[in-house]
Amino acid sequence: MTHIAQMLDSHPRSTNLTGDRQALLDCIDACFDCAQSCTSCADACLGEQEHLPHLVSCIRLNLDCADICEVTGRVLLRQTETDVTVLRAQLEACAAACRACGDECQRHAEGMGMEHCRVCADSCRRCVEACEKLLASLAA
């Protein structure tokens, strides 16, 4: 059992917005993993000196996505007095940012053979799936 699972289990006011606890845990994990992957990809893109002019958009999307994923993970951890409307909006924003970043990274992975962008695109796709699964399980 992860520390996050233990924290959620021991929370005195754990919310029951979703009947799928595993979807919540998976989404938290995917968000934090994606934030780290995007931060690392942005840094790797900065190291691609010969391609840097073509990577400005990718770097920007990486940094935006990393911030949005980090915030989403943190919002999901908060269990006291959760507002489902805010949570839905945050998950939708996270999925949109991951979709945009993943698509951009995939273009560089395929067109320029950038392995760091391939890894980042995979992480972004995983996060989109996790956000969508959690969204589907939220109580109306």
Side-chain angles (χ1 to χ4, degrees):
M1 179 181 287
T2 66
H3 289 114
I4 296 303
Q6 290 174 359
M7 289 301 295
L8 293 179
D9 286 346
S10 66
H11 196 290
R13 294 186 63 190
S14 187
T15 186
N16 224 1
L17 291 176
T18 175
D20 191 346
R21 181 177 177 276
Q22 193 58 51
L24 175 62
L25 291 170
D26 290 347
C27 194
I28 291 167
D29 180 60
C31 286
F32 289 135
D33 179 71
C34 193
Q36 293 169 2
S37 296
C38 288
T39 299
S40 184
C41 189
D43 186 64
C45 285
L46 286 170
E48 299 278 2
Q49 292 298 308
E50 66 277 8
H51 300 291
L52 197 53
H54 304 287
L55 296 173
V56 173
S57 180
C58 189
I59 294 166
R60 173 59 191 259
L61 285 168
N62 281 151
L63 296 175
D64 289 349
C65 190
D67 288 345
I68 291 167
C69 287
E70 178 73 25
V71 168
T72 303
R74 292 177 62 187
V75 167
L76 292 172
L77 288 171
R78 297 179 187 135
Q79 298 293 297
T80 305
E81 303 297 325
T82 303
D83 183 313
V84 72
T85 303
V86 172
L87 190 57
R88 280 185 191 284
Q90 187 63 44
L91 287 165
E92 289 167 357
C94 189
C98 288
R99 217 174 272 110
C101 185
D103 289 350
E104 181 73 13
C105 280
Q106 189 63 42
R107 280 192 287 279
H108 297 137
E110 292 171 358
M112 295 185 218
M114 294 182 178
E115 180 64 9
H116 54 86
C117 282
R118 185 201 59 76
V119 171
C120 188
D122 288 347
S123 181
C124 287
R125 279 191 292 276
R126 177 177 169 245
C127 196
V128 168
E129 290 170 9
C131 286
E132 289 176 347
K133 184 175 179 182
L134 185 57
L135 272 165
S137 75
L138 288 179

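We count residues from 1, following the sequence as given.
Listed by chain and residue number, nothing satisfies the side chain to side chain donor-acceptor pair (under 3.5 Å) test with Glu50 (two or more places apart in sequence, or in another chain). Taking Asp64 as the reference, Arg60 meet the side chain to side chain donor-acceptor pair (under 3.5 Å) condition, with sequence neighbours excluded. For Arg74, there are no side chain to side chain donor-acceptor pair (under 3.5 Å) partners two or more places apart in sequence or in a different chain. With sequence neighbours left out, Gln22 forms a side chain to side chain donor-acceptor pair (under 3.5 Å) with Asp26.
Residues Cys38 and Cys69 have side chains not in contact (no heavy-atom distance under 4.5 Å, counting atoms from C-beta outward). The shortest distance between side-chain heavy atoms of Cys117 and Cys45 falls below 4.5 Å. For the pair Asn62 and His116, the minimum side-chain heavy-atom distance is 4.5 Å or more. No side-chain heavy atom of Ile4 sits under 4.5 Å from any side-chain heavy atom of Asp29.
A distance of 8.0 Å separates CG in Leu135 from SG in Cys27, rounded to the nearest 0.5 Å. In this structure, the separation between CG on Asp122 and SG on Cys34 is 10.5 Å, given to the nearest 0.5 Å. Between the CD atom of Glu70 and the CD atom of Gln36 there is a distance of 8.0 Å, given to the nearest 0.5 Å.
Neither Ile68 nor Phe32 shares a network with the other; the hydrophobic side chains, linked directly or stepwise wherever heavy atoms of I, L, V, M, F, W or Y lie under 4.5 Å apart, form separate groups for each. A single hydrophobic cluster is seen to contain both Met114 and Leu63, as judged by linkage of ILVMFWY side chains at heavy-atom distances under 4.5 Å, directly or through other members. Side-chain heavy atoms closer than 4.5 Å link hydrophobic residues (I, L, V, M, F, W, Y) into clusters, and following such links, possibly through other members, connects Leu25 to Val71. Under a hydrophobic clustering in which Ile, Leu, Val, Met, Phe, Trp and Tyr are joined whenever their side-chain heavy atoms come within less than 4.5 Å, directly or via other members, Leu24 and Val84 fall into the same cluster.
In this structure, Glu104 and Leu61 approach most closely via the heavy-atom pair CB-CD1, 3.7 Å. The two residues Cys41 and Cys105 have their closest heavy-atom pair at SG-SG, 3.9 Å. Residues Asp33 and Ser123 share a closest heavy-atom pair of OD2-OG, 3.0 Å. A pairwise comparison of heavy atoms in Arg21 and Ala5 identifies NH2-O, 3.1 Å as the closest pair. For the pair Cys31 and Leu76, the tightest heavy-atom approach, listed with the atom from each and the gap, is SG-CD1, 4.4 Å.
Ser137 places a side-chain N or O within 3.5 Å of a backbone atom of Leu134 that can act as its donor or acceptor partner.
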Expected list for residues 89-102: side-chain donor-acceptor pairs under 3.5 angstrom, two or more places apart:
residue : atom : partner : partner atom : Å
Gln90   : NE2  : Thr72   : OG1          : 2.9
Arg99   : NH2  : Glu132  : OE2          : 2.6

Validation: residues 51-59 side-chain donor-acceptor distances under 3.5 Å, sequence neighbours left out:
none

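Under 4.0 Å is where a charged nitrogen must lie from a carboxylate oxygen, and between Arg126 and Glu129 no such pair does.
With no hydrogens or angles considered, no side-chain donor-acceptor pair links His108 and Glu48 at under 3.5 Å.
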